[in-house]
Amino acid sequence: MQNNTFSGLFVGQNLVTITEVDSTNNFLKEALANSTPLPDGTVIMAEAQYAGRGQQNNKWNSEPGKNLTCSILLKPTFLSLNHRFDLNVAISVGIIKALQKATHNDIKIKWPNDIYFGDKKLGGVLIENLVQGNSIKNAIIGIGLNVNQEHFPDWVPNPVSVKQILQRDYDLKALLSDICGSIEAAYLMLKAGNFEQLKALYLHNLYWYNEAHRFKANNAVFEGTITGVEKNGQLIVSSGGFARLYNFKEIEFLNKHK
Ligand code: BTN
């Protein structure tokens, strides 16, 4: 167990920093598979990942030493599987609260859990749940945030970093400490069963919520308004008087340039 100076009760109290790894999510997965005893709230932070993973089998790009690439181990055994999206809600809320404080800007959650500044992506979350029976035994919360990187490869869609927002470098450990504290606060709300309060915070900070925008689904472009998110995480988009439900990757958000 490595000690650190983070406040809070458990998230980040066991902080393991590594220079290079394939993926911090893989690192935690392998440690769990080998029955390594890891306390709830363990954080693995890597300076560099050579096979960082994003959602939908995408690669995650991060310039070594510049950004936050970390995974948090949580043990939400209190949460039944039908509340699995609420974990996603709590994590997203925790991350954006810390980033709003750090940047003094309106950081948003792009459904389901991208982190956005304006129309640009500041970071993303890859949650991998290890399920046992009807509950989540271990949740690996992989977080990638662009912090001090200024130049991105062409294949990275719409990136932005904290440095590009603030015009100065930001201390990675300080940001991680705030994110751990903020995730812990949201996670404790989840544990207390405050699902509605967390959902309200999620919707309040949701990109394009209650605004008319263009979307693409089933090969058709249409104007619609995000009016909510179902309990199972499906996005509710209303258009022409009808509300439709979408799973991840079934709907594309069309920005003005598309
Ligand atoms: C996404 O937006 O597609 C999710 C990106 C998640 C990236 C983080 S970086 C730390 C952790 N380790 C990984 O391999 N992926 C996540």
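Everything numeric in this text was worked out from a predicted model, so none of it was measured.
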At what distance, to the nearest 0.5 angstrom, does CD of Glu150 lie from CD of Gln167? 8.5 Å
Check this for me: Glu196, atom CD, are more than 12 non-hydrogen atoms of other residues, nucleotides or ligands nearer than 6.0 Å? no
Walk me through whether Ile72 and Val11 qualify under side-chain contact (heavy atoms from CB on, under 4.5 Å). CA-CA 8 Å; Ile72 304 177; Val11 179; 4.0 Å; yes
Taking the six-membered ring for Trp, are the ring centroids of Phe78 and Tyr187 within less than 6.0 Å of each other? yes
Applying side-chain contact (heavy atoms from CB on, under 4.5 Å) to Leu206 and Val229, what does each step give before you reach the verdict? CA-CA 10 Å; Leu206 191 64; Val229 176; 4.2 Å; yes
If you measure only the distance, is there a donor-acceptor pair under 3.5 Å linking the side chains of Tyr207 and Asp114? no
According to a 4.5 Å side-chain heavy-atom criterion applied to Ile, Leu, Val, Met, Phe, Trp and Tyr, with indirect links allowed, do Leu203 and Leu198 form part of one hydrophobic cluster? yes
Is it true that Asp169 and Lys163 have a side-chain N and a carboxylate O under 4.0 angstrom from each other? yes
Quick check against the 3.5 Å criterion: does Asn194 have a side-chain atom that pairs as donor or acceptor with the backbone of Gln197? no
Give the intermediate values and the outcome of side-chain contact (heavy atoms from CB on, under 4.5 Å) for residues Leu87 and Ile91. CA-CA 6 Å; Leu87 176 63; Ile91 299 300; 4.2 Å; yes
Donor-acceptor pair, side chain of Ser177 and main chain of Phe6, under 3.5 angstrom: no
Give me the atom names and distance for the closest heavy-atom approach of Gln55 to Phe248. OE1-CZ, 3.0 Å
Run the numbers on Asp106 and Gln100 for side-chain contact (heavy atoms from CB on, under 4.5 Å), then give the verdict. CA-CA 6 Å; Asp106 199 14; Gln100 286 170 349; 4.2 Å; yes
Looking only at non-hydrogen atoms, find the nearest pair between Val162 and Leu122 and report the distance. N-CD1, 3.6 Å
Relative to Trp155, does Lys59 satisfy both conditions: NZ or CZ under 6.0 angstrom from the six-membered ring centre, and within 45 degrees of the ring's axis? yes
With the side chain counted from C-beta on, respond yes when Leu176 and Leu15 share a heavy-atom pair under 4.5 Å apart, and no when they do not. yes
Same cluster (ILVMFWY, side-chain, under 4.5 Å), Val21 and Trp60: no
Within the 4.5 Å heavy-atom criterion, are Leu175 and Val147 side-chain neighbours or not? yes
Gap between atom CG of Asn134 and atom CG of Leu81 - 0.5 Å precision: 5.0 Å
Asn25-Ser71 side chain donor-acceptor pair, cut-off 3.5 Å: yes
Would you indicate whether the side-chain heavy atoms of Asn67 and Leu145 approach each other to under 4.5 Å? no
Taking the basic N atoms (NZ, or NE/NH1/NH2) and the acidic carboxylate oxygens, is any pair closer than 4.0 Å for Glu250 and Lys216? no
Tell me whether Lys173 at atom NZ has more than 12 heavy atoms from other residues, nucleotides or ligands lying less than 6.0 Å away. no
Answer with yes or no whether the side chains of Ser161 and Asn146 bring together a donor and an acceptor at under 3.5 Å. no
Between Tyr246 and Ile236, is any pair of side-chain heavy atoms under 4.5 Å apart? no
Pairwise distance NZ(Lys108) to CG(Asp119) - rounded to 0.5 angstrom: 12.0 Å
Looking at Asn158, Ile109, Ile107, which hits side-chain contact (heavy atoms from CB on, under 4.5 Å) with Tyr116? Asn158
Between Pro76 and Leu74, what is the shortest heavy-atom contact and its length? CD-O, 3.2 Å
Least distance between heavy atoms, Asn14 atom then Thr42 atom: ND2-OG1, 3.1 Å
To the nearest 0.5 Å, what is the distance between CD (Gln234) and CD1 (Ile251)? 11.5 Å
Considering only heavy atoms from C-beta outward, does the side chain of Leu38 approach that of Val16 to under 4.5 Å? no
Donor + acceptor pair across side chains of Asn232, Glu230 (<3.5 Å): no
Neighbour count >12 (heavy atoms, 6.0 Å) for atom CD, Gln56: yes
Atom NZ in Lys120, atom NZ in Lys110: separation rounded to 0.5 Å? 13.0 Å
Student check: side-chain heavy atoms of Val125 and Ile127 closer than 4.5 Å: yes
Ion pair Asp86/Arg84, N-O distance below 4.0 Å: no
Counting neighbours of NZ on Lys101 that are heavy atoms of other residues, nucleotides or ligands and sit closer than 6.0 Å, is the number greater than 12? no
Check for me whether Lys231 meets the cation-pi criterion with Phe85, that is, NZ or CZ under 6.0 Å from the six-membered ring centre and within 45 degrees of the ring axis. no
Tell me, do Thr19 and Glu47 make a side-chain contact under 4.5 Å, heavy atoms counted? yes
Mark yes or no for whether Glu252, through its side chain, and Lys249, through its backbone, hold a donor-acceptor pair below 3.5 Å. no
Whether Trp111 and Phe253 hold their rings parallel, tilted or perpendicular, with breakpoints at 30° and 60°: parallel
Donor on one side chain, acceptor on other, Asn255 and Arg214, under 3.5 Å: no
Shortest non-hydrogen contact from Lys66 toward Leu172: O-CD2, 3.7 Å
Looking just at side-chain N and O atoms, do Asn34 and Thr36 make a donor-acceptor pair shorter than 3.5 Å? no
So how far is it from Ile96 CD1 to Asn113 CG, rounded to the nearest 0.5 Å? 12.0 Å
Are Ser238 and Thr225 linked by a side-chain donor-acceptor pair shorter than 3.5 Å? no
Is Ile165 linked to Val156 within one hydrophobic cluster, defined over Ile, Leu, Val, Met, Phe, Trp and Tyr using a side-chain heavy-atom separation of less than 4.5 Å? no
Are Leu188 and Ile95 connected in the hydrophobic side-chain network, where two residues link if heavy atoms are under 4.5 Å apart? yes
Please check this pair: side chain of Glu184 against backbone of Phe10, looking for a donor-acceptor N/O pair closer than 3.5 Å. yes
Is the side chain of Asn205 donor-acceptor paired with the backbone N or O of Leu201 at a distance under 3.5 Å, no angle test? yes
Answer yes or no: does atom CG of Asn82 have more than 12 heavy-atom neighbours from other residues, nucleotides or ligands under 6.0 Å? yes
So, Glu223 side chain and Ala212 main chain: donor-acceptor pair closer than 3.5 Å or not? no
Answer whether the closest heavy-atom distance between the side chains of Val43 and Leu73 falls below 4.5 Å. no
Taking all heavy atoms of Ala48 and all of Pro64, pick out the closest pair and write down the distance. CB-CB, 3.8 Å
Joint hydrophobic cluster, Ile136 plus Phe195, side-chain heavy atoms closer than 4.5 Å: yes
